Amino acid sequence: MFSYRTLAVCPVTGARAGEFVTPHGVIRTPLFMPVGTQATVKAMTPLELEQIGAQIVLGNTYHLYLRPGEELVADAGGLHAFMGWQRGILTDSGGFQVFSLADLRRITSDGVEFRSHIDGSAHFFSPEKSIAIQQKLGADVIMCFDDCVPYPADVSRVREGVERTVAWARRCRNFFLDFSQRGPGDERPLAGEGGALGLTSPQALFGIVQGGVHDALRLECASRLREIGFEGYAVGGLSVGESHDEMYGVLDALCPALPHDKPRYLMGVGHPANLIEGVARGVDMFDCVLPTRNGRNGTLLTSAGRINIKAKQYERDFSPPDPECDCYVCRNFTRAYIRHLYRAGEILAARFCSWHNLRYLIRLVEGARDAILAGDFPAYRARFW
RNA sequence: UCCUCGGUAGCUCAACCGGCAGAGCGGGUGGCUGUUAACCACUAGGUUCGAGGUUCGAGUCCUCGCCGAGGAG
C-alpha cells in the first residue's frame, strides 16, 4: 500500500520534493506535521487543521496507551474515527517518553519498565508491545521503539543506544511483518526475520536512526537499519540540546546514506531555520510541539522572527501577527487584540497563536516544496535567511 | 459621644516574646524542538496611615490624631 516517489531534486542542495501514498490519501513532501499527542492537536479542531493544510498529525503511543487505552481507540474504529481526522496519522512509539520521563523508568535489553506520569502505576513496553499498540491505534505510519539517548552522553552510552535501537528495530520489524501477514485472530507462529515476506499491512513502519552527534555511529546505525528494511527512515535523538551546527553536521553525514527511494523524517524538529536547513539536506518530514506549545505560551513565529505577544510593546500594535501570513488569524486579528486575550487568560489566545504558528510552519515547508519543484530552492532558502 | 477591631508592595494578606519586612496574585522581561508544559524562570515594586514617646533596637509597646468596618447610646 505504502509507496514513495521523488518528484524533483534540487541540483544545488540535497533538497527534494516527493509524495507518498497512505490509506488516507497522498502525502506531499517535504511537510511539517503538527503534534497531537493525546489524539488532539492542542487547541485545534480537525477542521481548522485541514484548513491550514495539515496532511498528517502525530499521536503518541505512550499517552494513548495510558489513556484512554488502545483497546478503546480500536473499539471506536481506530484513531482516525476516534479523533475525527480523515487525513494522515503517524504515531510515535513511546521511545521518546522513555527518554523524557527518565526518572520514572528502567531500561533493560528486553524493554522498558516505567511508571505512569498520571497515576504512578507500573507498566512495561517492549518493541513488540509498542508495535502491537500502534497497530491497534491504526495510524498510517508507525514508528519503531527506539532508545533516545540524552545529550550530552558518553560515546559508550551512545553506542549502547545504537545497539539497542537496532536490536529493537529488528524485533519491531519482525513483529510488524508477522502481524500484517496473519490478520486478526490468526494464531500462526512468528514468521521469522527479514523483509522477504510480502507486506500486506495498510500501515507503514519507519526505522529510527540513533547515534548522537557521532557521524560514524549514525552511519553504522543507518546501514544496519537498511539491512532490516523499512518503509521510511527517521532521524531520532536530535533537538535534545545539541547546537544547530551539530544537528546540521549529522544530517550532512547521514542523509546521503539513507535510501533515496524512501521518505526521511527528522523527529522533533522544530525551529523555522531547522526546517529550511533540514529540507536543504534532504529531509522530507518534520514534527514539533514548538508551534503549539509556544503558541499556548504566547510566542508567535513570524516571517520577521519570533515575537512575544505578552510584551508591552504590542499593547497598541494594531497590525496582524505576521503581515505576510495567509492564515485566518493574521487576516482578521491584531497583535494588540491577541495580547489582550492572552493577558485576560482567554483560551482564544492559545488557539490563535497555535493556529497561526502551525500555519506558519506548514506554509514555510510548503513553500520550500514549491520552490524545489520550480527549481529555485536555493533562492527560497536565501530569502528565508 | 463612647466602645471594639483594623490600616504593611498595585490588590488580598503574613511577619513568634520588640531583633535583617515576606508570600500569592497583579506588573515587567525572557525561555520553550518525536508534549508529564494554557507551563516555567528571572525581575521591579515599601516613609509598615501620620505626629510624638519608650527602647541599644519599634510594623509590633505607649499617647494623640486621621481613615475604614462593626457595636452601644
Side-chain angles (χ1 to χ4, degrees), chain A residues 32-44 56-64 66-67 90-105 114-120 130 134 139 141-149 151 165 206-210 232-244 246-247 265-275 277-278 283 285-301 306-315 338-339 341-354 357 361:
Chain A
F32 178 81
M33 307 180 289
V35 175
T37 304
Q38 310 202 71
T40 171
V41 177
K42 293 184 193 296
M44 297 291 291
I56 298 181
V57 301
L58 263 69
N60 192 286
T61 301
Y62 167 85
H63 295 83
L64 295 173
L66 287 179
R67 181 175 55 196
L90 180 155
T91 45
D92 191 16
S93 62
F96 185 76
Q97 277 61 47
V98 170
F99 154 82
S100 63
L101 304 174
D103 53 331
L104 296 173
R105 52 83 168 139
F114 61 92
R115 304 190 79 81
S116 162
H117 71 282
I118 300 168
D119 61 8
S130 174
Q134 294 187 75
V141 178
I142 69 177
M143 303 300 299
C144 282
F145 190 62
D146 63 330
D147 182 10
C148 185
V149 176
Y151 176 92
T165 292
F206 281 24
I208 303 177
V209 179
Q210 291 291 341
Y233 294 82
V235 185
L238 290 180
S239 62
V240 291
E242 79 286 357
S243 71
H244 286 193
E246 285 175 304
M247 176 192 293
Y265 165 25
L266 178 53
M267 305 185 78
V269 173
H271 287 289
N274 295 161
L275 300 185
E277 291 307 303
V283 174
M285 305 162 67
F286 304 88
D287 80 279
C288 194
V289 302
L290 183 139
T292 43
R293 179 189 289 170
N294 286 21
R296 288 194 308 283
N297 294 332
T299 299
L300 287 161
L301 309 172
R306 297 195 307 194
I307 73 173
N308 178 352
I309 201 62
K310 295 169 277 188
K312 188 169 181 62
Q313 68 182 108
Y314 303 113
E315 183 175 31
I338 298 170
R339 177 176 189 269
L341 291 177
Y342 189 92
R343 290 161 51 86
E346 287 292 340
I347 197 159
L348 193 56
R351 281 183 30 71
F352 278 173
C353 293
S354 298
N357 285 347
L361 292 186

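Proteins come first, then strands; the chains are lettered A, B, ... in the order of their sequence lines, and each starts at number 1. If you're wondering where the values come from, they're calculated on a predicted model, not measured in any experiment.
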Given the structure, check if the side chain of [X] and the base of [N] hold any donor-acceptor pair shorter than 3.5 Å.
X         : N      : answer
Thr292(A) : U35(B) : yes
Lys310(A) : G31(B) : yes
His117(A) : U35(B) : no
Asp146(A) : G34(B) : yes

Report task. Answer yes if the side chains of Tyr265(A) and Asp287(A) hold a donor-acceptor pair under 3.5 Å, and no otherwise. Result -> yes
Which part of the nucleic acid does [X] contact within heavy-atom distance under 4.0 Å: base, sugar-phosphate only, or nothing?
X         : result
Ala311(A) : sugar-phosphate
Tyr342(A) : base
Arg343(A) : sugar-phosphate

For [N] and [X] - does any side-chain N or O of the residue sit under 4.0 Å from the phosphate oxygens OP1/OP2?
X         : N      : value
Ser239(A) : U33(B) : no
Arg296(A) : A37(B) : no
Arg105(A) : U36(B) : no
Asn294(A) : G31(B) : no

Does any nucleotide pair with [N] by Watson-Crick or G-U wobble geometry, both distances under 3.5 Å, and what is it?
N      : value
C17(B) : none
G10(B) : C25(B)
U63(B) : A51(B)
G45(B) : none
C5(B)  : G68(B)
C39(B) : G31(B)

Requested in this report: For Lys312(A) and for Gln210(A), locate the closest nucleotide of RNA chain B by heavy-atom distance; then report the residue assigned to the nucleotide nearer the 5' terminus.
Outcome: Lys312(A)
Listed nucleotide nearest any side-chain atom of [X], set [options]:
X         : options                : value
His244(A) : G34(B), U35(B), U33(B) : U33(B)
Asn308(A) : U35(B), G30(B), G27(B) : G30(B)
Met247(A) : A38(B), U33(B), G34(B) : U33(B)
Asp287(A) : G30(B), U36(B), G34(B) : G34(B)
Arg339(A) : C39(B), U35(B), G28(B) : G28(B)
Ser93(A)  : A37(B), U36(B), G34(B) : G34(B)

Requested in this report: Mind running side chain to side chain contact (heavy atoms under 4.5 Å, CB included) on His63(A) and Gln97(A) for me, showing each step along the way?
Outcome: CA-CA 9 Å; His63(A) 295 83; Gln97(A) 277 61 47; 3.8 Å; yes
Report summary line: For Asn294(A) and Asn357(A), the nearest pair of non-hydrogen atoms, with its separation, is C-ND2, 4.3 Å
Report summary line: Tightest non-hydrogen contact, residues Leu101(A) and Arg105(A), listed as O-CG, 3.7 Å
Report task. Could you check if the base of G6(B) is syn or anti? Syn means the glycosidic torsion is within 90 degrees of 0. Result -> anti
Report task. Would you confirm whether Ser130(A), through its side chain, and Ser93(A), through its main-chain N or O, come within 3.5 Å as a donor-acceptor pair? Result -> yes
**Report entry** Gly59(A) backbone acceptor or donor facing Thr91(A) side chain under 3.5 Å
**Finding:** no
